[in-house]
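Here is the structure we will look at.
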Amino acid sequence: MSMLRGFLILVVFFLLGEALRVLFVIPVSGGVLGMILMTFTLMLRGRVSDDLASASQALISVLVLLIMPGVVGIFFLASHFSGQWLAVSAALLLGTFLSVLTTLLLMKCMLRMTARGGADD
Amino acid sequence: MTELISRFMALPDVLSASPLFAIGLTLGAFFAGNWVFARLGKPLWMPPVLLSAVILSAVIAVFTIDYVRYQEGAHWLTLLLGPATVALGIPLYQQIHHIRALWVPIVVTLPLAATMAAVYAVVIAWAMGATPEVLASLAPKSVTAPIAIGITEQLGGSVALMMGGLLITGVVATLFVDLLAKWLPVEDERIIGFALGLNGHAIGTARAFEISHAAGAFSSLGMGLTGVFTALILPLVFRL
């Protein structure tokens with residue numbers, strides 16, 4: 001019962017997110033808007049109820065199952081994107097290499113700067 | 001007797017008309033994939049989702065199951081991605097105290113790095129002549145799957161291509177973080193964890209939890225913030 005009660009809260013927040021998306025023509029999915037609403041609500045309340053914790057853990061633990069039908073599609077549309085696989089691979093490999101490098105260097109510099117300047121913290 | 005045989009021959013058609021057939025197929029492949037993953041010694045370069053998807057695709061292809069009908073049935077499963085995305089707000093809230101402790105580096109790095117993760121990929125693909133549909137599918141490549149599906153649908157990309165890109169990005173981001181952290185060098189586990197989550201979403205986060213709990217917490221944080229930030233920014237940028 002506890003998990004179902006938590007699930008109801010998640011569904012209500014999802015529907016709230018959908019309502020916001022439609023009302024204000026926001027180009028962001030209802031799920032993401034619901035997640036942001038959820039995070040802010042929890043910050044205001046300051047704690048997570050057991051109902052919500054058990055429902056969210058259950059859903060997050062089966063995320064892989066939920067995204068599988070989407071992954072399967074890739075094997076059935078190979079011909080649709082023929083001729084673009086080189087561009088896709090280069091973007092994924094080189095792009096990821098560059099973005100990992102950017103993140104590591106930025107974080108390293110920022111941590112060093114705040115460690116030096118943050119003595120008065 | 002011949003009647004029984006003819007009814008038996010029609011059985012696959014009758015059963016596969018129910019969404020429960022697609023759900024059962026997906027669940028079966030999910031457990032099979034996890035079993036193979038454990039048998040292979042949990043390799044980092046071969047996440048269970050990829051194994052499960054390969055098994056599922058093989059079953060669909062071998063038994064010539066109608067792919068469109070499968071997707072219609074599986075829609076009953078993917079519907080749950082909505083509330084599952086909302087559920088990601090709970091671990092994000094639980095990581096909030098890390099933001100408070102290190103908010104300056106995070107606030108500066110996150111928008112820049114998350115934007116560049118999308119920009120590098122889109123610019124490289126665009127320079128090599130990829131179509132707008134492909135660009136829209138590549139843009140959310142560093143975002144965790146449930147959020148990325150929402151983004152791609154908003155941008156008009158292909159969810160299937162995006163999912164493939166997402167998987168490859170997660171795997172190579174994990175390899176590159178290990179490699180570059182040694183080479184630069186970066187020893188702070190919080191930075192390594194943050195980079196894993198920001199670039200490699202859930203696959204990177206799985207690796208981060210193997211390094212340490214602190215790395216895992218920062219990876220979850222990086223993954224969550226990248227997802228939210230990218231979901232808010234990309235659709236606005238793509239509109240221009």
Side-chain angles (χ1 to χ4, degrees), chain A residues 7 10-11 13-14 17 27-32 34-36 38-39 42-43 48 52-53 55-56 59-60 63-77 80-81 84 86-88 90-108 110-111 114 118, chain B residues 26 30 49 52-53 56-57 67 71 74 77-78 80-90 92-93 104-105 108-109 112-113 116-117 120-121 124-125 128-130 134 138 145 147 150 154 159-161 163-165 168-169 172-173 176-177 180 184 186 191 194-195 198-199 228 231-232 235:
Chain A
F7 185 69
L10 292 176
V11 170
F13 269 81
F14 173 77
V28 176
S29 73
V32 173
M35 174 179 74
I36 295 169
M38 176 61 81
T39 311
L42 291 175
M43 282 166 76
V48 181
L52 201 54
S56 69
L59 268 178
I60 290 171
L63 265 180
V64 166
L65 179 72
L66 304 184
I67 62 177
M68 266 172 62
V71 180
V72 169
I74 190 77
F75 298 106
F76 293 90
L77 50 66
H80 185 64
F81 294 106
Q84 305 207 45
L86 193 65
V88 169
L92 291 176
L93 294 179
L94 191 59
T96 305
F97 181 83
L98 290 173
S99 74
V100 167
L101 189 65
T102 309
T103 315
L104 286 174
L105 287 178
L106 264 175
M107 263 318 256
K108 198 180 175 181
M110 285 311 300
L111 264 178
T114 48
Chain B
T26 315
F30 171 70
V49 59
S52 303
L56 184 53
S57 308
Y67 174 66
Q71 282 294 355
L77 268 182
T78 47
L80 287 174
L81 271 176
T85 310
V86 178
L88 293 175
I90 287 122
L92 189 60
Y93 159 74
V104 179
V108 174
T109 307
L112 273 172
M116 290 319 285
Y120 287 135
I124 293 169
M128 292 179 73
V134 171
L138 288 178
I147 301 180
Q154 294 288 337
V159 171
L161 179 62
M163 294 300 297
I168 296 169
T169 302
V172 297
F176 286 152
V177 169
L180 287 170
L184 282 172
V186 173
I191 301 183
F194 196 70
L198 196 153
N199 295 290
V228 175
L232 295 177

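Just so it is clear: chains get the letters A, B, ... in the order the sequence lines come, proteins before strands, and each one is counted from 1. Fair warning: this is a prediction, and the values are worked out from it, not measured in the lab. Side chains included, hydrogens not; waters and symmetry mates left out as well; all remaining heavy atoms used.
Of the two parts of B:Tyr67, only the side chain, counted from C-beta on, holds a non-hydrogen atom closer than 4.5 Å to a non-hydrogen atom of chain A. When heavy atoms are compared at a cutoff of 4.5 Å, B:Leu198 approaches chain A solely by way of its side chain, counted from C-beta outward. Interface remark: B:Val49 contributes backbone and side-chain atoms alike to the contact with chain A (heavy atom separation under 4.5 Å). Only the side chain of B:Ile168 comes within contact range of chain A, with at least one heavy atom under 4.5 Å from a heavy atom of that chain. Interface remark: A:Leu94 contributes backbone and side-chain atoms alike to the contact with chain B (heavy atom separation under 4.5 Å). Using a 4.5 Å cut-off between heavy atoms, B:Leu138 contacts chain A through its side chain alone, with no backbone atom that close.
Ranked by non-hydrogen atom pairs under 4.5 Å with chain B, the options A:Ile60, A:Leu105, A:Val88, A:Val11 are led by A:Ile60. For chain A, the option among B:Ile90, B:Val159, B:Val172 with the highest count of heavy-atom pairs below 4.5 Å is B:Ile90. Ranked by non-hydrogen atom pairs under 4.5 Å with chain A, the options B:Ser57, B:Ala113, B:Ala84, B:Ala125 are led by B:Ser57. Contacts with chain A were tallied for B:Leu56, B:Leu77, B:Ile191; B:Ile191 has the most, counting heavy-atom pairs under 4.5 Å. Each of A:Ala91, A:Gly95, A:Ala55 has some count of heavy-atom pairs under 4.5 Å with chain B, and the biggest count is that of A:Ala91. Of the residues considered (B:Thr78, B:Leu161, B:Val134, B:Ile147), B:Leu161 shows the highest number of contacts with chain A, using heavy-atom pairs under 4.5 Å. Ranked by non-hydrogen atom pairs under 4.5 Å with chain B, the options A:Gly34, A:Gly31, A:Gly17 are led by A:Gly31. Highest contact tally toward chain B, considering only A:Leu59, A:Thr102, A:Leu42, is held by A:Leu42 [criterion: heavy-atom pairs under 4.5 Å]. Between chain B and the residues A:Ala87, A:Pro69, A:Ala53, A:Gly70, the largest count of heavy-atom pairs under 4.5 Å involves A:Pro69. Ranked by heavy-atom pairs under 4.5 Å with chain B, the list A:Thr39, A:Leu93, A:Val100, A:Val48 is led by A:Val100.
The closest side-chain heavy-atom distance from B:Ile124 to A:Leu92 is not below 4.5 Å. Between B:Phe194 and A:Leu106, the closest side-chain pair of non-hydrogen atoms is not below 4.5 Å. Counting heavy atoms from C-beta outward, A:Met38 and A:Leu52 have side chains that approach closer than 4.5 Å. Two residues are said to be in side-chain contact when any heavy atoms from C-beta on lie closer than 4.5 Å; B:Met116 and A:Leu98 fail this criterion. Considering only heavy atoms from C-beta on, A:Phe97 comes within 4.5 Å of B:Leu180 through its side chain. Contact of the B:Val228 side chain with the A:Ile36 side chain is registered, since non-hydrogen atoms from C-beta on lie closer than 4.5 Å.
When all heavy atoms of A:Ser99 and A:Thr103 are compared, the pair lying nearest together is O-OG1, 2.7 Å. Counting all heavy atoms, side chain and backbone alike, A:Ala90 lies closest to B:Met128 at CB-SD, 3.5 Å.
Distance CG/A:Leu63 to OG1/B:Thr85: 7.5 Å, rounded to 0.5 Å.
The side-chain hydrogen bond (donor to acceptor under 3.5 Å, both in side chains) check on B:Ser52 picks up nothing, with sequence neighbours excluded.
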